[in-house]
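Please read the structure below before turning to the comments.
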There are 2 protein chains.
Amino acid sequence: MKINENYKNLSESYLFSTIAKKVAVYTQQHPEQEIIRLGIGDVTLPLAAPVVDALHAAVEEMGKKETFHGYGPEQGYGFLKQALMRYYARRGVVLAENEIFVGDGAKSDIGNILDLFDVDNTVLVPDPVYPVYVDTNVMAGRRIVYAAATRENGFLPMPQADVQADLIYLCSPNNPTGAAYSRDQLQAWVDYANERGAVLLFDAAYESFITDGDVPHSIYEVNGAETCAIEFCSFSKTAGFTGTRCSYTVVPQALVRGSLHLNAMWLRRQTTKYNGVPYIVQRAAAAVFTEEGQKATRAAIDYYRANAAVIAAALDEAGIWYCGGKNSPYIWMQCPGGMKSWDFFDHLLEHAGVVGTPGAGFGAQGEGYFRLTGFGDAEKTRLAAQKLKEAVRVL
Amino acid sequence: MKINENYKNLSESYLFSTIAKKVAVYTQQHPEQEIIRLGIGDVTLPLAAPVVDALHAAVEEMGKKETFHGYGPEQGYGFLKQALMRYYARRGVVLAENEIFVGDGAKSDIGNILDLFDVDNTVLVPDPVYPVYVDTNVMAGRRIVYAAATRENGFLPMPQADVQADLIYLCSPNNPTGAAYSRDQLQAWVDYANERGAVLLFDAAYESFITDGDVPHSIYEVNGAETCAIEFCSFSKTAGFTGTRCSYTVVPQALVRGSLHLNAMWLRRQTTKYNGVPYIVQRAAAAVFTEEGQKATRAAIDYYRANAAVIAAALDEAGIWYCGGKNSPYIWMQCPGGMKSWDFFDHLLEHAGVVGTPGAGFGAQGEGYFRLTGFGDAEKTRLAAQKLKEAVRVL
Ligand SMILES: Cc1ncc(COP(=O)(O)O)c(C=O)c1O
Ligand SMILES: Cc1ncc(COP(=O)(O)O)c(C=O)c1O
């Protein structure tokens, strides 16, 4: 019996557990001090009323023999895929129904897609990065090379002629940096991938936060992406589904490597190792695309984005460099006075009772940076932004 | 870019599509003939009232800011794991909370668990078998050896001293054969695995159909299983969750191979590639374990089992050999007169309008056998059993 020894190469992340410990110690020493969490990567507003209504209606169906639903198609019901096709079509992206796969989360699909690729591939991952891209490949034993995201490139690394990569992760708008690629920048990545036969894994989990007309919501808005890109998207941040679980992955028919169609491979993977998203959850997801559903979910996104704008305004006033916030719930700030990420974490907790996320936790290039998010309560975010400004001033 | 070429070695299963085509042709030729489906592997009764109530209540929570649930623990909420611990404890199996992992389906977990094992392992799979065990290993490129389940061994293959296997699949009560291992038989498998350092993957998806006191519901009722076995179970058949999606997998703390703890590896796998089961679904699953929940879900299982008994009685009267039915919704019958599986399929459709599943579709040893299930409607099952008897008589 041989175990998968690659698991030994995983480095434990102590990021969020260390944060929790530090906050616990501080709270014990300062029981009177209110803690405001601006580090959170989870939504806080409830499900929208049209989504709640759709859930109740679907639950009723499940309780009656005539309208009960057992196993559904592993890749999702037609009613939801049709709604997604119309959503893509708004931006001129025409997808076939069998190019869309409904799943239980972008995290699952981003991890599981790797089943389709040989271990003997080189993976290009931005740094800093959503840790899942790295860990899933370490588990499989693939070579990883990093694309440095820095203040100089606006935290948007571009293709390098001398780097050979077979699988390329792009996340735009980005977690943790909030930076978002323009159409021209994505075109450069698509051209690069097509020239070299690489596959882009495009994480669009935050597309609904985009305001800038020049930032594509989907990689398929870019010419030639259908022969090189797989797209992952999620209802988690778009509609507050982090605890309700629904996502969608697009694998174009035109994406072929060797003699294999990746669409057919992913269909085979999902029909073999997956049994679909709950019927009631797919009904809830479809309700997001009704007129009322769009209105209600857009209002929540506006709320989070307004929070990000409040934080951004405080940083502007304090003269601190940051990116993100505009097309993203995330703000990525440079720690003032050349401080290191964890030193600034301690300082902010000590002087403002505000908790953020040290950039160093997302990769080596994150050192000296700090992530703040707009997912909190509006009133508390205003208070925290004020305190943040003051805490920076005393430095 | 190297694709996973193992996908080329997958054989397409045309089992259910061939059945559908044959039925369509027959229906066109005999529009007046009612078709009764006894081949179905999916539940047909609605969710139980206590489950429906729990879903509605949880949906209400999700619609209010104060009670909203975002990301939960990837491995499941404590309230559900506690309920599962009590369920296991009824049979004397004491589990720690961190040995239980809540998932979205036994199919997912059975597929994904393979991430923990090297490709260079030999896998022992019974034949006939639930096709997922085979296909998931073909995809990864592992060697597969088969344990023949035959009429001679009651479709319950036992360990063979001369067969070297690292991963061993057991499914009891079995799909497709309905056969269930006794305590002594499972003890032999556990001893064999412990002696050789193999890992048993024990699929208990049908445990709730067990009536026989000598048939363990859990592999952990058997001495020594905690050092060699992983158990998969599901609410799909137990509580009609095929379209609602919830399962649980047990990985004991004592299960260690090399220097690696499989429990820690699976935790790492799930926290990296999975984001948990919907909160509302976990509340629904917990409701199965309330007094009313148990009463209602047991009633559904009794209904299906009564259907299986009706089919079994017809076969007894016709003098046809079969196994299953007693501890299982499945009945595995020998095709009369030495007929082959597909020939009997055609005969039964032609002479009775009854649709079953040809045993040959589950593996080479399934040739000459036929699967019938108790998941249909009671009235129709009675009618089908009558017609089955008549169709066999004309042979
Ligand atoms: C960049 C990125 N991709 C994917 C995910 C996972 O989303 P889901 O909730 O759909 O699993 C997240 C969640 O935080 C994320 O930040
Ligand atoms: C033997 C066996 N294991 C597992 C499963 C999968 O169950 P789930 O619905 O939990 O994915 C099935 C479903 O038919 C099955 O027959």
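Residue numbering restarts at 1 for every chain, and letters A, B, ... go by the order of the sequence lines. Just so you know, these numbers come straight off a predicted model, no measurement behind them.
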Contact origin within B:Asp115 toward chain A - heavy atom pairs under 4.5 Å: both
Taking C-beta and beyond as the side chain, do A:Asp118 and B:Asn4 meet within less than 4.5 Å on heavy atoms? no
Report the residues that fulfil side chain to side chain donor-acceptor pair (under 3.5 Å) with A:Glu60, sequence neighbours left out, ordered by chain and then residue number. A:Lys64, B:His56
Part of A:Glu61 within contact of chain B (heavy atom distance under 4.5 Å): neither
Portion of B:Asp120 that has a non-hydrogen atom of chain A nearer than 4.5 angstrom: both
Any side-chain heavy atom of B:Leu167 within less than 4.5 Å of one from A:Met1? yes
Checking A:Asn275 against B:Lys107: is there a side-chain donor and acceptor pair closer than 3.5 Å? yes
I'd like to check B:Val43 versus A:Tyr71 (side-chain heavy atoms, cut-off strictly below 4.5 Å). Are they in contact? no
Would you mind reporting whether B:Ser259 and A:Lys8 have side-chain heavy atoms less than 4.5 Å apart? yes
Side chain from CB out, backbone as N, CA, C, O: work out which of these in A:Val199 comes under 4.5 Å of a heavy atom of chain B, or both, or neither. both
Bottom line for A:Thr122: the part with an atom under 4.5 Å from chain B's heavy atoms is neither
Where does B:Met139 contact chain A at under 4.5 Å (heavy atoms): side chain, backbone, both or neither? side chain
Taking A:Leu114, A:Asn121, A:Asp166 one by one, which has the highest count of heavy-atom pairs under 4.5 Å against chain B? A:Asn121
With a 4.5 angstrom heavy-atom cut-off, which part of B:Ser236 approaches chain A: side chain, backbone, both or neither? side chain
A side-chain contact here means heavy atoms from C-beta on lying under 4.5 Å apart; do B:Arg269 and A:Tyr7 qualify? yes
I'd like to know whether CZ of B:Arg37 has more than 12 heavy-atom contacts from other residues, nucleotides or ligands below 6.0 angstrom. no
Of the backbone (N, CA, C, O) and the side chain (C-beta and beyond), which part of A:Val51 lies under 4.5 Å from a heavy atom of chain B, both, or neither? neither
Let me know if B:Glu66 has heavy atoms under 4.5 Å from chain A in its side chain, its backbone, both or neither. neither
Should the pair A:Lys273-B:Asp135 be classified as a salt bridge under the 4.0 Å nitrogen-to-oxygen rule? no
Greatest number of heavy atom pairs closer than 4.5 Å to chain A - which of B:Val281, B:Thr244, B:Val132: B:Thr244
Is the closest basic N to carboxylate O distance between B:Arg245 and A:Asp104 below 4.0 Å? no
Can you say whether A:Leu260 sits under 4.5 Å from chain B via the side chain, the backbone, both, or neither, judging by heavy atoms? side chain
